[in-house]
Amino acid sequence: MFIVIALMLCIFVIDLNTPLGVAAAVPYVLVVFSSLWVSGIQFTYCIAALTFTLTIVGFYLSPGIVLPMNVIVFNRGLTLLLIICSALMVIKIKKTNIDMSTLLTQVLIDPITGYKNRQAFESELDTEILRSRRYHRSFSIAIIDLDLLKLFSDNYDYKNKNDSIKQISHEIKTNIRITDLFYRIDINVFAILFPETDLCEAKKVCESVRKKVSAKMDKNTENKIMISIGIAMLDETDNKLKLCKRAEDALFAAKRNGGNQVSTLPQIVNKDKSTVPAILSRSRSTDTV
């Protein structure tokens with residue numbers, strides 16, 4: 001921004017010291033086009049207004065004008081016209097870039113939930129796998145399937161269906177960590193990416209998600225929602241397909257076992273430690289010494 005402004009002022013000083021008193025139209029136009037380096041349309045408006053003003057001021061302040069006045073006026077008018085045209089072109093380019101960025105963002109967003117969709121999931125999964133391999137960090141993935149008795153039936157009200165999906169996705173998102181990445185990848189399937197997270201830690205998070213989300217849902221038998229989650233961690237020989245396949249296999253194992261549970265491949269068994277001190281858990285002898 002400061003470079004563009006400094007360049008504009010330098011051109012103005014050169015213009016004042018030109019014996020002919022003819023504004024340098026091309027340098028001013030280049031200044032306007034250089035505003036593309038700075039984001040924001042307002043900056044281009046300001047640069048265009050300043051160059052326009054300096055061109056007019058230079059007409060009155062330029063000493064030693066030796067050309068006929070009609071030539072000077074023609075050149076100044078041409079300069080102003082080029083400034084206006086270049087400013088309009090730059091503004092058009094910036095607006096097009098903004099529209100394209102908005103469109104690309106919308107392509108990666110699920111329209112119902114407002115969270116990222118499958119396309120974003122596949123793209124960012126590749127990125128996270130590469131980052132995990134580069135820095136030798138753990139990386140886990142979870143696939144969540146919603147087991148509903150009524151929500152996805154054909155005769156269920158469309159609006160209520162979307163509202164339920166929004167509520168469920170919101171509960172999942174609010175119960176994961178800030179560093180975890182959340183996606184809706186199918187009608188009733190979600191995914192979570194866990195950067196720098198091993199299998200045990202990912203399972204703890206998913207268990208917490210399952211319990212908290214289930215507690216929020218309707219207890220009515222027809223509307224009861226059960227969440228099955230499958231988790232897998234990236235191995236050295238894994239690619240994207242192998243990793244997702246192992247997470248899906250873990251999910252299918254959870255569903256085969258009755259659903260409403262978290263399963264991992266390889267399996268992790270949580271063994272609860274006894275809260276009773278070992279010395280108190282010993283059997284006492286009835287014999288007296």
Side-chain angles (χ1 to χ4, degrees), residues 1-117 119-128 130-131 134-135 173 178-183 193 195:
M1 184 185 299
F2 292 109
I3 294 175
V4 174
I5 295 175
L7 179 62
M8 178 182 59
L9 294 177
C10 289
I11 294 173
F12 176 67
V13 172
I14 294 173
D15 181 38
L16 289 180
N17 291 276
T18 301
L20 298 178
V22 180
V26 173
Y28 275 130
V29 170
L30 291 177
V31 169
V32 175
F33 272 104
S34 66
S35 66
L36 283 169
W37 293 344
V38 182
S39 61
I41 297 177
Q42 296 299 326
F43 181 72
T44 300
Y45 280 120
C46 292
I47 290 297
L50 286 173
T51 54
F52 193 93
T53 302
L54 293 178
T55 301
I56 296 176
V57 172
F59 172 75
Y60 294 101
L61 299 182
S62 295
I65 298 178
V66 296
L67 289 178
M69 185 58 62
N70 61 335
V71 175
I72 302 298
V73 172
F74 176 80
N75 280 278
R76 293 285 171 173
L78 182 61
T79 300
L80 295 176
L81 180 62
L82 290 174
I83 290 173
I84 294 173
C85 292
S86 60
L88 292 176
M89 292 176 64
V90 171
I91 292 170
K92 182 70 174 179
I93 292 172
K94 286 190 173 184
K95 286 184 177 180
T96 302
N97 290 337
I98 294 173
D99 292 340
M100 290 180 63
S101 300
T102 303
L103 182 61
L104 289 174
T105 301
Q106 292 175 348
V107 169
L108 301 177
I109 297 298
D110 175 63
I112 295 178
T113 63
Y115 297 113
K116 294 181 180 180
N117 59 14
Q119 184 175 346
F121 166 74
E122 293 182 354
S123 174
E124 295 182 8
L125 177 58
D126 289 328
T127 302
E128 292 299 330
L130 291 175
R131 183 181 290 113
R134 182 182 301 119
Y135 298 107
K173 176 62 177 177
I178 298 177
T179 55
D180 301 333
L181 308 175
F182 177 65
Y183 312 84
L193 301 184

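We number each residue from 1, following the sequence as shown. Keep in mind that the numbers below use all heavy atoms, side chains included, and drop hydrogens, waters and symmetry copies.
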For this session: Rounded to the nearest 0.5 Å, what's the gap from CG on L36 to CD1 on I47? Could you check?
Result: 11.5 Å
For this session: Measure the OG1-CG distance between T79 and L54 for me, rounded to the nearest 0.5 Å.
Result: 12.0 Å
Problem set entry | Distance, nearest 0.5 Å, that separates CG of L50 from OH of Y45 | 15.0 Å
Seminar exercise, completed: CD1 of I91 to CZ of F43, rounded to nearest 0.5 Å, is 12.5 Å
Exercise. Atom CG of L82 and atom CE of M89: how far apart are they, to the nearest 0.5 Å?
Worked result: 11.0 Å
Problem set entry | Euclidean distance, L80 CG relative to C85 SG, rounded to 0.5 Å | 11.0 Å
Problem set entry | Results of side chain to side chain contact (heavy atoms under 4.5 Å, CB included) for A48 - residues two or more places apart only | A87
For this session: Start with the C-alpha distance between D110 and K116, add both sets of side-chain angles, then the distance that settles side-chain contact (heavy atoms from CB on, under 4.5 Å), and finish with yes or no.
Result: CA-CA 6 Å; D110 175 63; K116 294 181 180 180; over 6 Å; no
Problem set entry | All side chain to side chain contact (heavy atoms under 4.5 Å, CB included) counterparts of L193, not counting sequence neighbours | F121, L125, E128, F139, I141, L181, Y183
Problem set entry | Pairing residues for Y115 by the ring pair (Phe, Tyr, Trp, His ring centres under 6.0 Å) criterion, not counting sequence neighbours | F182
Problem set entry | For S86, all residues meeting side chain to side chain contact (heavy atoms under 4.5 Å, CB included), sequence neighbours excluded | V29, V32, F33
For this session: List in chain and number order the residues that pass side chain to side chain contact (heavy atoms under 4.5 Å, CB included) with Y135, two or more places apart in sequence or in another chain; answer none if no residue qualifies.
Result: R131, R137
Exercise. Taking all atoms of both residues into account, what is the closest heavy-atom pair of S35 and T44, and its distance?
Worked result: OG-OG1, 3.2 Å
Exercise. Counting only heavy atoms not in L130, do more than 12 sit closer than 6.0 Å to its CG atom?
Worked result: yes
For this session: Using salt bridge (charged side-chain N to carboxylate O under 4.0 Å, His left out) as the criterion, list what pairs up with K94, not counting sequence neighbours.
Result: none
